[in-house]
Amino acid sequence: MAAAAGDATCGCGEEASAPDGGVVFVAGTPCAFSPQERRLLALSGPDGRLRVWETSNSSLRRPHREYVPSAHLSAACTCLAWAPPSGRRSSPAKEGPQRKKRKSEAVEASEQLDLLAIGTADGSILLYSTIKGELQSKLSGHDFKVNCVRWHQDNGCLYSCSDDKNIVEWNVRTCKVKCKWKGDNSSVSSLCISPDGRMLLSAGRSIKLWDLETKEVYRHFTGHATAVSTLMFITERPLNENQPFDGITGLYFLSGAVHDRLLSVWQVRTDRKEKTAVMNFTVTDEPIHIDVTISESKEEPVKLAVVCRDGQLHVFEQVLNGYCKKPLTSKCTIQIATPGDSSDSTPKPVPILAAAFCPDKASLLLVYGNSLQPVLERVSLNSSEPHMCLVRDIQKTLTLKTEMAVTKVKTPIISSEVKTLVPGIPGHSAAVQATSCRKKMETKRKPGGKEESIEDRLGAMDIDGMKVKQSSGELPQIDNFAVLLVQGLESNDAEILNKVLQTRKDAIIKKTVARMPVHAVIPLLQELTKRLQGHPYSASQMVRWLKPVLTIHTSYLSTLPDLVPQLGMLYQLMESRVKTLQKLSRLHGKLYLIITQVAALKNTQDGPEVDQTAKLVYEEESSEESSEDEMVAEKDSDENWDEEDEEDDEKNSGRDELSDKEEEMAIDKEINGESDLDPENESEEE
C-alpha cells in the first residue's frame with residue numbers, strides 16, 4: 001500500500017532568520033492527498049484559499065469547493081494533513097460479545113475521515129471539515145509559524161512542530177494541549193510517527209527519534225546541512241524476519257532537506273554508534289513533494305515518486321538490502337511540455353506540482369500546471385523508458401473545463417460616489433463606476449473606433465502611484481526591502497533596484513540580505529558584479545551589499561555545483577583590483593608627498609616678505625686695540641723661536657768637532673805604543 005506521505009504536505013521550503021536570530025524553516029505551497037485511495041486533493045494556493053479537488057474528474061469538490069480562512073492574508077496556510085481513516089489498525093479482539101456501535105460513533109468516524117488539519121503562519125492550527133464545509137475548531141499553542149502537522153493513526157491525537165522549537169501533542173476532542181516539550185535547539189521543521197505509533201521522528205537539521213510515552217530521545221541521527229523538509233517511514237516491519245521485532249528496530253525511513261539534491265535513507269539499528277545514512281537517492285533539484293510505496297517483504301522493492309523544484313518527476317525503485325556507497329539515480333524521469341503555438345514552435349515546460357502512486361502501484365496520479373487551477377491526470381509507468389516527455393496543451397484543457405463549469409456571477413450595483421481601495425501599495429484608489437455609466441461607455445464605443453491605450457485606461461482609473469511615492473519620501477520597512485529586492489531582480493527593474501541598493505545603513509542591508517530567499521542570491525550577486533564594473537562611487541556602495549551576501553549565505557553557495565562559472569566574473573574582477581592595489585598605494589604615497597611639498601611651498605610664497613636688515617647693531621670700543629696687541633705678541637714670539645733654533649744648531653756642531661778630535665788622539669796613542677795607565681796609577685797621578 002502507499003505510504004502515509006500523502007497524508008501530510010510535502011512542499012518546497014527555504015531558510016530565513018528567526019526573531020531571535022536563529023534559522024527557521026519556510027514552507028512552500030502546501031498540498032496533500034487524502035489517505036483513502038487518493039480520492040481527494042487539498043491544495044492551498046498563493047491567495048490563501050484552501051481548495052479541495054476530486055482526483056477522479058479534476059473538478060472542485062461539491063458542494064463546498066473552497067474555504068477562505070478569516071486571516072488568510074495575514075496568517076497563510078503553511079502545512080496540511082488529512083486525518084487517518086477510522087479503523088485503520090484493527091485493535092486486538094476482546095473475548096465475549098461485541099457491542100454494536102452507536103449512531104453518534106459512526107457519524108464521528110465519518111467526520112474524522114474528511115477532517116483536515118491546517119497549520120498557519122501565526123502559530124494556530126485550524127480543523128476544517130470537508131463534509132460540512134466549515135471550520136470545526138481552532139488550536140492555539142505555538143508562538144511562531146507551524147511547520148508540520150501529523151495525525152496519530154490509532155488514538156486520533158495531533159502532533160505539530162513550529163519555529164518556537166517546541167513539539168505539541170493535541171487532544172482534538174477538547175482542543176487543548178496534551179503535552180508540550182522542546183524538540184530542538186533551533187526550529188523543528190518536520191515530524192513523522194512510526195508505524196506502531198509508539199515513536200516519533202522530529203527534525204530540524206539533525207534527526208531525533210522520540211519515545212512518545214516518556215518523551216525522551218531514543219536515537220540520534222546526523223541529518224542534513226539544511227532544514228529537513230520531509231520525513232517518512234518506508235518499511236513497516238524489518239526485512240529480516242528471523243530477528244525479534246520490538247516495533248522500531250530494523251525499520252527504514254527517508255529524509256529530504258531544503259536545497260539538498262540528495263534523499264537519505266536511514267535505518268534504526270540496535271547499536272547507537274551507527275548514525276549515518278545507509279543509502280542516498282540523487283535528484284536534479286530540491287525535492288518539493290515525495291510519495292512512497294511501503295515495502296512489505298524482503299524481495300519487494302520500494303518505489304519513490306519525487307517531484308523537484310524544476311518541475312521534473314523522478315521515479316526510483318530499489319530493494320533495501322543494507323548499506324550502499326554510491327548515490328542511486330532514478331529509474332524513470334517524467335516531464336511535461338506544451339506542443340508550441342503556430343507562431344512559436346518551441347515547446348515550453350509545464351511544472352509538475354505533486355504526484356502520488358495509485359493503489360495498483362503501476363500508475364501515477366500527476367498534478368501539474370497552475371496551483372490555482374491544476375490539471376490532474378493518471379499516467380501508467382513504463383519501466384522500459386528511462387525518460388518520458390508528455391506533451392499537453394494546458395490552455396485548451398483549461399478552456400474546456402471553464403466552458404463545462406456552471407457558474408453564477410452577479411454584478412453588484414455600486415453608486416458612482418463609492419471608491420474602493422486596490423490591494424497592494426497603500427494609497428492606490430480606483431473609482432468604481434455605476435453600471436449605467438458603464439453601459440453608456442460601451443454604447444459610445446464603436447466597433448471600428450480607436451481603442452484606448454493602457455496609459456489612458458490607467459489614467460481613468462486614477463491610480464496615483466507616482467504621487468504616493470513623491471509624497472511619502474520615507475523608505476519602506478525592512479520586510480518590504482527584501483520583497484522589493486526580489487521583485488526588482490525577477491523583473492529586472494532598474495528603478496526598484498536603485499532604490500534598494502542605494503541604502504547606506506549597514507543594519508538594514510544585513511537584515512534585508514538575511515530575509516531574502518536563497519534562490520535570489522545568485523541573481524543578486526550577478527547584479528552586484530554588473531554594478532561593480534561601473535562608476536567608482538557605485539562600486540563602493542555595492543561592496544556594502546557584497547560583504548553580507550557572502551558571509552550570510554556562505555553555506556548555500558558552497559553547495560552549488562556550478563558556483564565557479566556563475567561567480568567567475570566577480571572573482572576575476574576582485575583579483576584584478578587586488579593586484580593593482582599595491583601599485584595604487586605606492587602611487588598614492590608619492591602623490592601625497594608631492595602634493596604636501598607643493599602646498600608647503602605655496603604657503604611660504606603666499607606669506608608676507610620678511611625685512612632682512614638688522615634692527616640693532618652693537619660694537620665694543622676695545623675690539624681694535626686688543627687685536628693690534630695680539631698681532632704684535634705673535635710677531636715677537638715667532639722671532640724668539642727662530643733665535644733659539646740657531647743657538648741649538650751651533651751647540652750641536654761644536655760637540656761634534658770635540659768628539660772627532662778625541663778619536664784622533666786615541667788612535668795616535670795606540671800607534672806610539674802607549675798603554676793606558678792602571679787604575680791605581682791613574683788615581684795616584686790624579
Between Ser162 (side chain only) and Phe144 (backbone N and O only), is there a donor and an acceptor less than 3.5 Å apart? yes
Give, for atom CG of Leu41 and atom CG of Leu353, the distance between the pair rounded to the nearest 0.5 Å. 9.0 Å
Side chain to side chain contact (heavy atoms under 4.5 Å, CB included) between Phe233 and Val292, intermediate numbers included: CA-CA 9 Å; Phe233 280 91; Val292 61; over 6 Å; no
So CG of Asp164 and NZ of Lys180: to nearest 0.5 Å the spacing works out to 5.5 Å
Measure from the side-chain N and O atoms of Thr235 to the backbone N and O of Tyr252, and report whether any donor-acceptor pair falls under 3.5 Å. yes
Measuring from Lys348:NZ to Thr338:OG1, what's the distance to the nearest 0.5 Å? 7.0 Å
Could you tell me whether a side-chain N or O of Asn280 sits under 3.5 Å from a main-chain N or O of Leu328, the two making a donor and an acceptor? no
Would you kindly say whether His152 and Glu169 are connected by a side-chain donor-acceptor distance under 3.5 Å? no
Atom CG in Leu231, atom CG in Leu209: separation rounded to 0.5 Å? 10.5 Å
Whether Arg49 side chain and Tyr67 backbone form a donor-acceptor pair below 3.5 Å: no
Residues Arg38, Asp291: salt bridge by 4.0 Å N-O rule: yes
Working to the nearest 0.5 angstrom, can you tell me the gap between Asp310 CG and Gln335 CD? 7.5 Å
Smallest heavy-atom separation, Pro84 atom then Gln153 atom, equals CG-CA, 3.9 Å
Under a 3.5 Å distance rule, please check whether Ser129 uses its side chain to pair with a backbone N or O of Gly133 as donor and acceptor. no
May I ask you to check whether Phe253 and Phe221 place their ring centres under 6.0 Å from each other? yes
Whether the side chain of Ser34 engages the backbone of Leu40 through a donor-acceptor N/O pair (distance < 3.5 Å, no angle test) should be reported. yes
So, Ser189 side chain and Ser229 main chain: donor-acceptor pair closer than 3.5 Å or not? no
So do the side chains of Asn147 and Val188 get within less than 4.5 Å of each other, counting heavy atoms only? no
Output yes when Asp163 and Lys145 qualify as a salt bridge under the 4.0 Å nitrogen-oxygen rule, no when they do not. yes
Starting from the C-alpha separation in whole Å, work towards a yes-or-no answer on side chain to side chain contact (heavy atoms under 4.5 Å, CB included) for Leu158 and Ile125. CA-CA 10 Å; Leu158 185 68; Ile125 301 174; 4.0 Å; yes
Do we see a donor-acceptor contact under 3.5 Å between the side chains of His142 and Ser160? yes
Regarding Thr559 and His259, do their side chains bring together a donor and an acceptor under 3.5 Å, going by distance alone? no
Can a side-chain donor-acceptor contact be found between Tyr368 and Glu377 if the only test is distance below 3.5 angstrom? yes
So, for Trp82 and Ala42, which heavy atoms are closest and what is the spacing to 0.1 Å? CZ2-CB, 3.7 Å
Exercise: identify the closest heavy-atom pair between Val172 and Gly156: CG2-O, 3.5 Å
I want to check something: taking the side chain as every heavy atom from C-beta on, are Pro195 and Leu251 in contact at a cut-off of under 4.5 Å? yes
Indicate yes or no: at least one non-hydrogen side-chain atom of Ile234 is less than 4.5 angstrom from one of Thr293. no
Scanning both residues in full, the closest heavy-atom pair of Leu126 with Lys138 reads CD2-CG, 3.7 Å
Full working for side chain to side chain contact (heavy atoms under 4.5 Å, CB included) between Leu212 and Arg198: CA-CA 6 Å; Leu212 287 179; Arg198 294 188 298 175; 5.9 Å; no
Quick check for you: to the nearest 0.5 Å, what is the distance between Leu304 atom CG and Lys331 atom NZ? 12.5 Å
Walk me through whether Leu263 and Ile290 qualify under side chain to side chain contact (heavy atoms under 4.5 Å, CB included). CA-CA 10 Å; Leu263 295 172; Ile290 303 175; 3.7 Å; yes
Please name all residues satisfying side chain to side chain contact (heavy atoms under 4.5 Å, CB included) with Val391, sequence neighbours left out, ordered by chain then number. Pro339
Should the ring pair Trp266 and His224 be called parallel, tilted or perpendicular, given that the plane angle runs from 0 to 90° and is split at 30 and 60? perpendicular
Tell me, do Leu115 and Tyr128 make a side-chain contact under 4.5 Å, heavy atoms counted? no
Going by distance alone, is a donor N or O of one side chain under 3.5 Å from an acceptor N or O of the other, for Ser124 and Asp122? yes
Scanning both residues in full, the closest heavy-atom pair of Thr78 with Val146 reads OG1-O, 2.6 Å
Check: Ser187/Asp184 side-chain N/O donor and acceptor closer than 3.5 Å: no
Would you say the side-chain atoms of Ser330 pair up with the backbone N or O of His314, donor to acceptor, closer than 3.5 Å? no
Nearest heavy-atom approach of Cys358 to Leu365 is SG-N, 4.1 Å
Run the salt-bridge test on Glu300 and Lys361 with the 4.0 Å N-O cut-off and return the result as yes or no. yes
Tested for side-chain contact (heavy atoms from CB on, under 4.5 Å) against Leu50, the lone hit among Leu43, Leu116, Val68 is Leu116
